[in-house]
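Notes follow the structure.
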2 protein chains.
Amino acid sequence: MLTWEELPPCPVATTVRLIGNKWKPLIIRDLMEGTKRFGEFRKSIPGISQKALTENLRALEEDGLILRTAYPEVPPRVEYRLSETGESLKPILDAMTAWGTAYKKRLSQES
Amino acid sequence: MLTWEELPPCPVATTVRLIGNKWKPLIIRDLMEGTKRFGEFRKSIPGISQKALTENLRALEEDGLILRTAYPEVPPRVEYRLSETGESLKPILDAMTAWGTAYKKRLSQES
DNA sequence: CAGTATCCGATACGATACTG
DNA sequence: CAGTATCGTATCGGATACTG
């Protein structure tokens with residue numbers, strides 16, 4: 001977990017530091033719907049490799065945005081869900097959804 | 001400029017594709033305040049290299065999010081500003097600002 | 001002033017093989 | 001099932017030198 005001092009002064013830079021890459025917003029988007037298992041992410045996020053998925057899940061957990069629960073069963077079952085902090089990202093995701101939709105609509109209309 | 005077909009189906013993925021990297025949100029954050037010149041970005045975005053700044057400004061221009069105006073003077077003056085599409089990113093930036101602020105506050109309180 | 005060109009290291013990412 | 005380990009590639013990004 002990062003400390004307060006390690007984060008940039010600018011809040012936008014802080015957000016970028018925590019979720020600003022190719023995969024994290026997609027992982028978080030999925031978790032907004034509820035709990036998800038490792039294998040389910042691989043289906044719902046086209047193109048993500050096992051390694052990239054693992055690394056990003058670990059980083060999100062480390063930063064306190066998601067929670068990981070492993071059930072000691074055979075075969076093993078691991079569930080991921082948003083923490084309260086992670087859930088508070090919803091306004092960002094909603095804004096991204098709305099903007100992405102509008103951008104594609106505009107392009108499709110060649111306006 | 002990308003075509004509609006080249007963008008991912010998911011609107012969140014589309015947004016990530018267009019502004020989801022280390023520097024673009026910071027450039028856009030600055031332009032929300034108004035027109036800005038090349039050299040001014042270098043002061044207001046600590047740590048950005050000339051190359052990274054140039055590449056990201058070109059990409060944002062290519063995707064229709066910012067506009068570039070070069071004034072034929074000596075010494076040359078170039079101004080960047082948001083397009084209408086770029087300005088429509090404001091809700092995302094606002095949400096990022098609010099979330100980053102809250103995240104840092106929470107960390108500083110060790111809650 | 002606002003870039004471009006080049007080099008190079010760091011990091012991100014994907015593919016494959018293997019494991020508790 | 002849910003990973004870890006390893007390797008190779010690709011992209012990102014910083015430093016430096018140079019230019020209209």
Side-chain angles (χ1 to χ4, degrees), chain A residues 2 6 8 10 12-13 15-28 30-31 34-63 65-81, chain B residues 2 6-8 10 12-13 15-31 34-63 65-81:
Chain A
L2 289 169
E6 291 169 314
C10 169
V12 175
T15 304
V16 168
R17 165 72 186 68
L18 292 167
I19 61 161
N21 78 359
K22 186 176 176 182
W23 302 116
K24 287 177 182 174
L26 304 181
I27 292 172
I28 294 161
D30 279 8
L31 290 176
T35 289
K36 203 139 200 170
R37 295 176 62 173
F38 191 87
E40 293 179 307
F41 284 116
R42 301 207 61 192
K43 295 170 201 161
S44 61
I45 305 179
I48 196 167
S49 67
Q50 211 164 25
K51 185 185 174 191
L53 179 55
T54 301
E55 286 173 350
N56 280 285
L57 286 171
R58 294 288 173 278
L60 289 169
E61 191 188 359
E62 168 77 9
D63 289 330
L65 302 186
I66 68 174
L67 301 170
R68 178 183 185 275
T69 310
Y71 298 90
E73 307 170 352
V74 179
R77 180 165 56 99
V78 179
E79 288 186 348
Y80 294 91
R81 61 192 170 90
Chain B
L2 289 168
E6 290 169 314
L7 286 170
C10 169
V12 174
T15 304
V16 168
R17 164 71 185 70
L18 291 167
I19 62 162
N21 78 358
K22 185 176 175 183
W23 302 116
K24 286 177 183 174
L26 304 181
I27 292 171
I28 294 161
R29 169 203 66 185
D30 279 8
L31 290 177
T35 290
K36 203 141 197 167
R37 296 176 62 175
F38 189 87
E40 293 179 308
F41 285 115
R42 301 207 62 190
K43 294 172 201 160
S44 60
I45 305 179
I48 196 168
S49 68
Q50 213 165 23
K51 185 188 172 188
L53 179 55
T54 301
E55 286 174 350
N56 281 286
L57 287 171
R58 293 290 174 276
L60 289 169
E61 191 188 357
E62 169 77 8
D63 290 330
L65 302 186
I66 68 174
L67 301 170
R68 179 182 184 275
T69 310
Y71 297 90
E73 306 170 354
V74 179
R77 179 165 58 99
V78 178
E79 288 186 349
Y80 295 91
R81 60 193 170 88

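In what follows, every chain begins at residue 1, and chains take the letters A, B, ... in the order their sequences are listed. Keep in mind the model is a prediction, meaning the values are calculated, not measured. Atom set for the values below is all heavy atoms of this structure, side chains included, hydrogens, waters and symmetry mates excluded.
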Check your understanding: If only atom types and distance count, is the side chain of B:Lys24 paired as donor or acceptor with the main-chain N or O of B:Asn56 below 3.5 Å?
Key -> no
Check your understanding: Which of these nucleotides, D:dC7, D:dA2, D:dG13, is closest to any side-chain atom of A:Lys51?
Key -> D:dC7
Point to revise | Length of the line joining A:Trp23:CH2 and D:dC12:P, which is rounded to integer Å | key: 14 Å
Review point. Between A:Arg68 and D:dG3, is there a side-chain N or O to OP1/OP2 distance below 4.0 Å?
Key: yes
Point to revise | Length of the CZ-P vector between B:Phe41 and C:dG3, whole Å | key: 10 Å
Review point. When we call it a touch if two heavy atoms are under 4.0 Å apart, what does A:Tyr80 touch: a base, just sugar-phosphate, or nothing?
Key: sugar-phosphate
Review point. What do the steps show when you test B:Ile66 against B:Tyr80 for side chain to side chain contact (heavy atoms under 4.5 Å, CB included), and what is the final call?
Key: CA-CA 7 Å; B:Ile66 68 174; B:Tyr80 295 91; 3.9 Å; yes
Check your understanding: If you check the B:Phe38 side chain, which of C:dA2, C:dC13, C:dC1 turns out closest?
Key -> C:dA2
**Study point:** Gap between atoms CD and P, on A:Glu55 and D:dA2 respectively (whole Å)
**Key:** 18 Å
Review point. For the side chain of A:Val78, counting heavy atoms from C-beta on, which of C:dG14, D:dG3, D:dG14 is nearest?
Key: D:dG3
Practice item. Taking the side chain as every heavy atom from C-beta outward, state whether A:Leu53 and A:Arg42 have any pair of such atoms under 4.5 Å apart. Key: yes
Practice item. Would you kindly give the NZ-to-P distance between B:Lys24 and D:dT11, to the nearest whole Å? Key: 14 Å
**Study point:** A:Lys22 NZ - C:dA12 P separation (whole Å)
**Key:** 13 Å
Review point. Hey, is B:Arg81 close enough to B:Glu79 for a salt bridge, meaning N to O under 4.0 Å?
Key: no
Review point. If you check every side-chain atom of B:Thr54, which of C:dA2, C:dG3, D:dG3 has the closest atom?
Key: C:dG3
Practice item. In whole angstrom, give the distance that lies between atom CD of B:Glu79 and atom P of C:dC1. Key: 15 Å
Check your understanding: Nearest nucleotide by nearest heavy atom, which residue falls closer to the 5' end of DNA chain C, A:Asn56 or A:Pro76?
Key -> A:Asn56
**Study point:** Whole angstrom value for the distance that separates C1' of D:dA10 from CG of B:Asn21
**Key:** 16 Å
Exercise for review: Would you classify B:Gln50 as touching base, sugar-phosphate or nothing, given that sugar-phosphate means primed atoms plus P, OP1 and OP2, and contacts are heavy atoms under 4.0 Å?
Suggested key: base
Practice item. Please determine if a side-chain N or O atom of A:Arg58 lies less than 4.0 Å away from the OP1 or OP2 oxygen of D:dG3. Key: yes
Review point. Under a 4.0 Å N-O cut-off, is there an ion pair linking B:Arg77 with B:Glu73?
Key: yes
Review point. Any side-chain N or O of B:Arg37 less than 4.0 Å from the OP1 or OP2 oxygen of C:dA2?
Key: yes
Review point. Tell me: CD1 of B:Ile45 to P of C:dA2, nearest whole Å?
Key: 14 Å
Exercise for review: Quick one: look up who D:dC18 pairs with, Watson-Crick or G-U, both distances under 3.5 Å, and put none if it's unpaired.
Suggested key: C:dG3
